[in-house]
K.L.:
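Have a look at this one before I ask anything.
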Amino acid sequence: MAVPYNHHEVEKKWQGVWDEEGAFKTSDDYSKPKYYALVEFPYPSGQGLHVGHPRPYTALDIVARKRRMQGYNVLYPMGWDAFGLPTENYAIQNHIHPRIVTKNNVERFKGQLHALGYSFDWDREVNTTDPDYYKWTQWIFLKLFKAGLAYKTEMPINWCTSCKVGLANEEVVGGVCERCGSEVVRKVKSQWMLKITEYAEELIQGLDTVDYIERVKVSQKNWIGKSQGAEVDFSLTGKEEKLRIYTTRPDTLFGATYMVLSPEHPIIDKYREEIGNYEALSAYREQAARKSDFERTELAKEKTGVQIEGLTATNPVNGREIPIWVSDYVLMTYGTGAIMAVPAHDERDWEFAKKFGLPIIEVVAGSPVSVQEAVYTDVATGTLVNSQFLDGLSVAEAKERIIAFLEEKGIGHSKTNYKLRDWVFSRQRYWGEPIPIVKCEKCGFVPVDDSELPLMLPEVESYEPTDNGESPLAAMEDWVNTTCPCCGGPARRETDTMPQWAGSSWYFLRYTDPHNKEALASREALEYWMPVDWYNGGMEHTTLHLLYSRFWHRFLYDQGEVPCKEPYQKRTSHGMILGSNGEKMSKSRGNVVNPDDIVRDYGADTLRTYEMFIGAFDLSAAWSEDGVKGCRRFLERVWKLQDMLVDGQEYSADLETKMHQTIKKVSNDYESLKYNTAIAAMMALINEFYKKNAVTRGEYRTLLALLNPVAPHITEELWQTAGFQGRVYQTSWPSYEEAKTVENTVEIGVQVNGKIRANISMPKDAAKEEVIAAAREALGDKLSGTVVKEIYVPGRIVNIVVKP
RNA sequence: GCCGGCGUGGCGGAAUAGGCAGACGCAGUGGACUUAAAAUCCACCAGAAGUAAAAUUCUGUACCGGUUCAAGUCCGGUCGCCGGCACCA
């Protein structure tokens with residue numbers, strides 16, 4: 001009898017062996033085929049590992065281990081995205097340096113990951129807060145600056161009242177700070193910006209060249225928000241001044257009955273003297289300015305606005321004089337900050353026109369009811385009317401014609417717009433990469449010389465941001481005052497730091513050559529390893545991290561620093577692990593499961609198996625302690641197979657097909673995120689061994705190899721106990737023969753008029769006539785009436801169609 | 001409102017490419033082992049009718065309709081849930 005399965009001993013033993021043998025050290029042998037598997041590196045929070053973390057880590061660990069067994073040189077690295085607010089806030093509260101906090105948290109995380117038996121190559125660990133790492137983050141920033149893609153500007157930003165920090169649009173969720181949940185207001189500050197908008201088109205185009213799951217592609221496209229339309233110049237009546245608008249419906253130009261400007265539109269101040277109701281306008285603008293973007297959209301359920309008195313505009317195509325209104329439903333940050341309003345064919349304009357009694361003119365016919373009754377926005381079926389030379393055309397034709405007309409007359413042109421905004425890159429915080437820029441009275445913004453990188457984060461007494469919103473670095477006169485690298489005169493350092501997204505925008509490059517002192521990575525390493533073959537991460541990073549890192553990568557490609565345009569060949573996403581009550585795990589709900597407890601009570605192999613078996617990988621799944629027990633039971637059953645072992649390197653005759661089928665199923669399922677069915681197939685296989693109370697050494701060996709990527713410790717132990725050569729992780733992946741995955745004799749369902757009436761057992765390559773004959777015999781007198789048709793789907797089903 | 005995804009037993013979930021719905025696991029029930037319990041092993045496990053027990057029959061993949069010899073799967077419509085975006089002209 002075998003000794004009982006003791007997961008503590010087994011797991012500790014093998015983790016030690018792997019460390020000692022350097023089992024998962026990535027080789028620098030560039031002659032082998034490579035495979036780069038990547039999971040998002042975690043933020044080492046004070047709470048330690050969450051049970052959500054092992055789900056993606058195990059999934060790609062399975063892929064990495066399988067690839068090694070298939071002979072690939074595999075890079076499966078891990079690191080720490082360690083700059084960030086929670087650490088800084090903890091440091092402020094407890095008066096501990098964030099560096100120390102980070103170090104402690106990293107140690108804890110690392111211990112937890114080690115206990116789960118992941119095959120990470122720890123020699124390649126990176127940490128974004130390590131000066132040897134952020135030297136290159138700063139270096140990339142300077143490259144962006146030198147290329148004109150980083151600039152500083154006064155702009156209204158999203159300001160978190162609690163964190164006292166500027167946030168990117170992406171970090172504001174539902175009008176509150178994504179991190180702390182506090183109110184976000186608009187505040188004008190001078191901010192470093194990155195011109196991600198310059199790459200908007202490429203970031204869309206690039207999606208066609210990569211293998212991302214569909215919903216990731218769709219979200220990225222929506223976020224970038226490309227739209228095609230035209231810019232048209234309206235004139236201020238009686239003046240030279242042009243008012244440029246943007247529209248996606250230039251075909252409706254003849255239906256424009258008024259214009260609307262954003263409250264921030266500069267024309268208002270320019271013609272202040274001529275505006276009759278400037279005070280009313282000012283009041284409205286002030287009201288709008290006080291609102292955050294969120295309030296402006298959320299609270300303004302009913303449209304508001306003020307007409308500009310004393311100014312009107314002229315529609316350039318028909319000379320019609322139309323009023324100009326100001327309303328906060330028009331945004332200064334998109335298009336030109338001014339629109340032509342076509343209430344008959346735009347919902348917002350229609351609503352606005354109804355409220356303020358403005359005329360509604362139909363220019364696209366086809367609406368079932370009058371445009372006075374309901375807006376008509378269908379572009380597929382309508383026909384142009386009331387539009388002179390456009391009359392009778394379809395919307396698509398009219399668009400083409402009007403743009404040609406506008407361009408010919410010089411009053412407009414086609415134009416593509418994007419919703420994507422430039423990336424607010426400054427944070428007024430301590431725990432981030434210092435922005436390596438010096439401001440000189442004479443020379444302006446001057447980059448720190450590359451030789452001075454990394455520009456180290458100085459020691460400060462307090463990490464708290466100042467009340468006026470400056471970074472704590474601003475209080476460090478010694479550090480701030482410096483000399484201009486350009487003219488040598490007195491100058492001041494930039495005191496803002498970079499956002500957390502900076503370090504994670506290029507970390508996958510560093511893994512390829514993490515100790516390089518001369519470059520962010522060597523050319524050879526990059527050419528060999530890039531792109532990442534499979535990158536898995538959370539859906540929540542689809543519009544932030546994924547877009548930012550693609551942007552940096554494309555920039556680095558344009559600079560000749562990396563060999564490929566897209567960093568990730570394949571992107572998948574995992575679902576969340578919820579509490580047992582189906583709600584998101586949180587301390588306040590009291591449904592948090594600590595992975596340490598599961599590892600202690602059931603073992604890492606059980607946790608890994610369970611998280612893979614829990615359900616479809618891309619859907620969220622509720623935790624179930626009973627489910628964990630079921631997986632532990634499965635591993636116990638595998639353990640006990642050693643007592644059923646019989647001689648024979650071959651598969652036994654009655655299980656040969658099953659063996660080949662299982663190898664095929666498991667091999668395919670590991671590739672396609674279907675870990676749950678792969679495990680189910682192995683469970684079904686061992687049920688067969690139990691039925692016979694026997695398993696040949698050959699069958700056992702194959703099973704252990706198949707299961708190893710999921711449950712690496714127990715399989716190594718059993719492998720060794722059974723006296724198989726070497727280690728499982730060094731063995732080659734089991735192979736199967738396609739021809740042997742089909743039974744010689746197949747069960748065929750026999751239907752009459754589509755209903756199952758009998759079952760027959762036939763040789764797999766029996767001829768149709770034979771099968772039909774057997775089916776008729778099996779049916780006997782259940783077959784009555786006139787046979788109309790006989791259908792045989794080889795190896796599956798017979799259907800006999802009869803008429804009564 | 002728009003975009004994306006999803007509705008299958010008591011539960012988590014299976015079902016290449018339209019071909020025997022419910023694999024695998026959990027929970028449950030019965031049995032074996034045990035002085036007993038736990039653990040383990042074996043069997044049963046969608047609903048209804050039917051039977052001493054079987055056999056057998058009917059219904060069933062959110063709902064309504066369609067295509068097809070055949071629909072969980074394809075098409076049209078309805079309802080519900082989840083996620084994302086949201087005055088982007």
K.L.:
Under 4.0 Å between any heavy atoms, over every strand shown, what does I614(A) touch: base, sugar-phosphate, or nothing? Just pick one.
P.N.:
sugar-phosphate
K.L.:
Could you work out the separation of U57(B) and A62(B) based on their P atoms and round it to a whole Å?
P.N.:
25 Å
K.L.:
If each of N799(A) and G749(A) is mapped to the nucleotide of RNA chain B with the nearest heavy atom, which maps nearer the 5' terminus, i.e. the 5' end?
P.N.:
G749(A)
K.L.:
Would you please classify the geometry between the Y5(A) ring and the H7(A) ring as parallel, tilted or perpendicular, with 30° and 60° separating the classes?
P.N.:
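If you compare the ring of H7(A) with that of Y5(A), the planes turn out perpendicular.
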K.L.:
Check every strand shown and say whether A341(A) touches a base, only sugar-phosphate, or nothing at a heavy-atom separation below 4.0 Å.
P.N.:
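Nothing, no nucleic acid heavy atom in range.
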K.L.:
Base, sugar-phosphate, or nothing for D349(A), non-hydrogen atoms under 4.0 angstrom?
P.N.:
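Answer is nothing: D349(A) stays at 4.0 Å or more from every strand.
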K.L.:
What is the separation between atom NZ on K303(A) and atom P on A89(B), rounded to the nearest whole Å?
P.N.:
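Checked: the NZ to P distance equals 14 Å.
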K.L.:
Please determine, for the side chain of W223(A), which listed nucleotide (C20(B), C85(B), C24(B)) has the closest atom?
P.N.:
C85(B)
K.L.:
Please report the distance separating the C1' of G66(B) from the corresponding atom of A48(B), rounded so that it comes out in whole Å.
P.N.:
29 Å
K.L.:
Between G47(B) and U8(B), how many Å separate the two C1' atoms, rounded to a whole number?
P.N.:
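Comparing C1' positions in G47(B) and U8(B) gives a spacing of 14 Å.
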K.L.:
Using whole Å, report how far CE of M576(A) lies from P of G12(B).
P.N.:
17 Å
K.L.:
Just checking Q751(A): base, sugar-phosphate only, or nothing, at a heavy-atom cut-off of under 4.0 Å?
P.N.:
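Counting heavy atoms under 4.0 Å across all strands, the contact made by Q751(A) includes a base.
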K.L.:
With a 4.0 Å cut-off on heavy atoms, is S227(A) in touch with a base, just the backbone sugar-phosphate, or nothing at all?
P.N.:
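S227(A): backbone/sugar contact only, no base atoms under 4.0 Å.
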K.L.:
Any donor and acceptor pair, going by atom type alone, linking the side chain of Y690(A) with main-chain N or O of R637(A) inside 3.5 Å?
P.N.:
yes
K.L.:
Do D626(A) and C26(B) share a donor-acceptor pair, side chain to base, under 3.5 Å?
P.N.:
no
K.L.:
Given that A681(A) and A758(A) both sit by RNA chain B, which one's nearest nucleotide is further toward the 5' end?
P.N.:
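Taking each residue's closest nucleotide, the earlier one in sequence belongs to A758(A).
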K.L.:
Determine, for K658(A) against E743(A), whether the closest basic-nitrogen to carboxylate-oxygen distance falls under 4.0 angstrom.
P.N.:
no
K.L.:
Heavy atoms under 4.0 Å, any strand shown: does G630(A) hit a base, just sugar-phosphate, or nothing?
P.N.:
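Counting heavy atoms under 4.0 Å across all strands, the contact made by G630(A) is with sugar-phosphate only.
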K.L.:
Please step through side chain to side chain contact (heavy atoms under 4.5 Å, CB included) for the pair T252(A) and V364(A), ending with a clear verdict.
P.N.:
CA-CA 7 Å; T252(A) 63; V364(A) 182; 4.3 Å; yes
K.L.:
Would you give a per-nucleotide map of nucleotides 40-51 of chain B, 5' to 3', where B means the base has a protein non-hydrogen atom under 4.0 Å away, S means only the sugar-phosphate does, and - means neither?
P.N.:
SSS---------
K.L.:
Once you apply a heavy-atom cut-off of 4.0 Å, does E636(A) come out as touching a base, just sugar-phosphate, or nothing?
P.N.:
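Answer is nothing: E636(A) stays at 4.0 Å or more from every strand.
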K.L.:
Between C87(B), C69(B), G19(B), spot the one nearest the side chain of D328(A), thanks.
P.N.:
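Of all the options, the side chain of D328(A) is nearest to C87(B).
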K.L.:
Would you call R244(A) and D233(A) a salt bridge, using N to O less than 4.0 angstrom?
P.N.:
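Salt bridge: yes.
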K.L.:
From CG of L635(A) over to P of C26(B), roughly how many Å is that when rounded to an integer?
P.N.:
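Rounding to the nearest Å, CG of L635(A) and P of C26(B) are 12 Å apart.
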K.L.:
Checking understanding here: a glycosidic angle within 90° of 0 is syn, the rest anti, so what is G22(B)?
P.N.:
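What G22(B) shows is an anti base, its glycosidic angle lying more than 90° from 0.
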K.L.:
Report yes if a side-chain nitrogen or oxygen of K755(A) is closer than 4.0 Å to either non-bridging phosphate oxygen (OP1 or OP2) of U59(B); otherwise report no.
P.N.:
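True: K755(A) side-chain N/O within range (under 4.0 Å) of U59(B) OP1/OP2.
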K.L.:
Could you check whether F617(A) and Y675(A) have their ring centres less than 6.0 Å apart?
P.N.:
yes
K.L.:
Rounded to whole angstroms, how far apart are CD1 on I577(A) and P on G12(B)?
P.N.:
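These atoms are roughly 15 Å apart.
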K.L.:
Identify which nucleotide among G12(B), C20(B), C69(B) has an atom closest to any side-chain atom of N759(A), counting heavy atoms from C-beta outward.
P.N.:
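The answer is C20(B).
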K.L.:
Applying a 4.0 Å non-hydrogen cut-off, can you work out what T247(A) is touching in the nucleic acid: base, sugar-phosphate, or nothing?
P.N.:
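T247(A): backbone/sugar contact only, no base atoms under 4.0 Å.
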K.L.:
Which dot-bracket string fits RNA chain B when only Watson-Crick or G-U wobble pairs with both atom distances under 3.5 Å count, crossing pairs get [ ], and | stands for a partner on a different strand?
P.N.:
(((((((..(((......[....))).(((((.......))))).((((......))))..(((((..]....))))))))))))....
K.L.:
Nearest to the side chain of V218(A), which nucleotide is it out of G4(B), A89(B), C69(B)?
P.N.:
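Looking only at side-chain atoms, V218(A) lies closest to G4(B).
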K.L.:
In whole angstrom, give the distance that lies between atom CG of L331(A) and atom C1' of A86(B).
P.N.:
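The answer, rounded to whole Å, is 11 Å.
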K.L.:
Is there a donor-acceptor pair under 3.5 Å between the side chain of N315(A) and the backbone N or O of L253(A)?
P.N.:
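Confirmed, N315(A) side chain pairs with L253(A) backbone.
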K.L.:
Using the P atom as the point on both nucleotides, what is the distance between G19(B) and C75(B), in whole Å?
P.N.:
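It works out to 15 Å between them.
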K.L.:
To the nearest Å, how far apart are I213(A) CD1 and G83(B) C1'?
P.N.:
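My rounded result for the distance is 12 Å.
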K.L.:
What's the gap between C82(B) and A23(B) when it is taken at their C1' atoms, as a whole Å value?
P.N.:
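To the nearest whole Å, 26 Å.
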K.L.:
Which atoms form the tightest heavy-atom contact between R421(A) and K419(A), and what is the distance?
P.N.:
NE-O, 3.1 Å
K.L.:
Calculate the interatomic distance between E264(A) atom CD and C87(B) atom C1'; express it in whole Å.
P.N.:
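These atoms are roughly 14 Å apart.
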K.L.:
Expressed in whole Å, how much space separates the C1' atoms belonging to G22(B) and A36(B)?
P.N.:
38 Å
K.L.:
Hey, does S219(A) reach any base, or is it just sugar-phosphate, or nothing, if we go heavy atoms under 4.0 Å?
P.N.:
nothing
K.L.:
How long is the line joining NZ of K629(A) and C1' of A38(B), in whole Å?
P.N.:
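Computing the K629(A):NZ to A38(B):C1' distance gives 12 Å.
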K.L.:
Just to verify, which of E738(A), E671(A), E737(A) counts as forming a salt bridge (Lys or Arg N to Asp or Glu O under 4.0 Å) with K664(A)?
P.N.:
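Exactly one candidate clears the test, E738(A).
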K.L.:
Is a salt bridge present between K768(A) and E790(A), judged by a nitrogen-to-oxygen distance below 4.0 Å?
P.N.:
no
K.L.:
Which nucleotide, G25(B), A14(B), A89(B), lies nearest any side-chain atom of V330(A)?
P.N.:
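The answer is A89(B), which lies nearest to the side chain.
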K.L.:
Taking the inter-plane angle between the rings of F352(A) and Y329(A) on a 0 to 90° scale, is it parallel (under 30°), tilted (30 to 60°) or perpendicular (over 60°)?
P.N.:
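If you compare the ring of F352(A) with that of Y329(A), the planes turn out tilted.
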K.L.:
Can you identify which nucleotide, out of C24(B), C3(B), A89(B), has its nearest atom closest to the A684(A) side chain?
P.N.:
C24(B)
K.L.:
Going through the distances and angles, do W639(A) and F634(A) end up as a ring-ring contact (aromatic ring centres under 6.0 Å, His included)?
P.N.:
CA-CA 9 Å; W639(A) 182 266; F634(A) 164 60; over 10 Å; no
K.L.:
Looking at A15(B), I'd like to know if its phosphate oxygens (OP1 or OP2) sit under 4.0 Å from a side-chain N or O belonging to K674(A).
P.N.:
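For K674(A), the contact criterion (side-chain N or O under 4.0 Å from OP1 or OP2 of A15(B)) is met.
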K.L.:
Distance check: side-chain N/O of N676(A) vs OP1/OP2 of A14(B), anything under 4.0 Å?
P.N.:
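Indeed, a polar side-chain atom of N676(A) lies that close.
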K.L.:
Which nucleotide wins on minimum distance to the side chain of E747(A), given the candidates C20(B), C69(B), C58(B)?
P.N.:
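For the E747(A) side chain, the nearest candidate turns out to be C20(B).
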K.L.:
Say we look at C74(B) and U16(B): how far apart would their P atoms be, to the nearest angstrom?
P.N.:
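Looking at atom P only, C74(B) and U16(B) are 11 Å apart.
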K.L.:
Is the shortest distance from a Lys or Arg side-chain nitrogen in E214(A) or K217(A) to a carboxylate oxygen in the other one below 4.0 Å?
P.N.:
no
K.L.:
Quote, to the nearest angstrom, the P distance that separates G9(B) from G1(B).
P.N.:
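The same atom, P, in both gives a distance of 29 Å.
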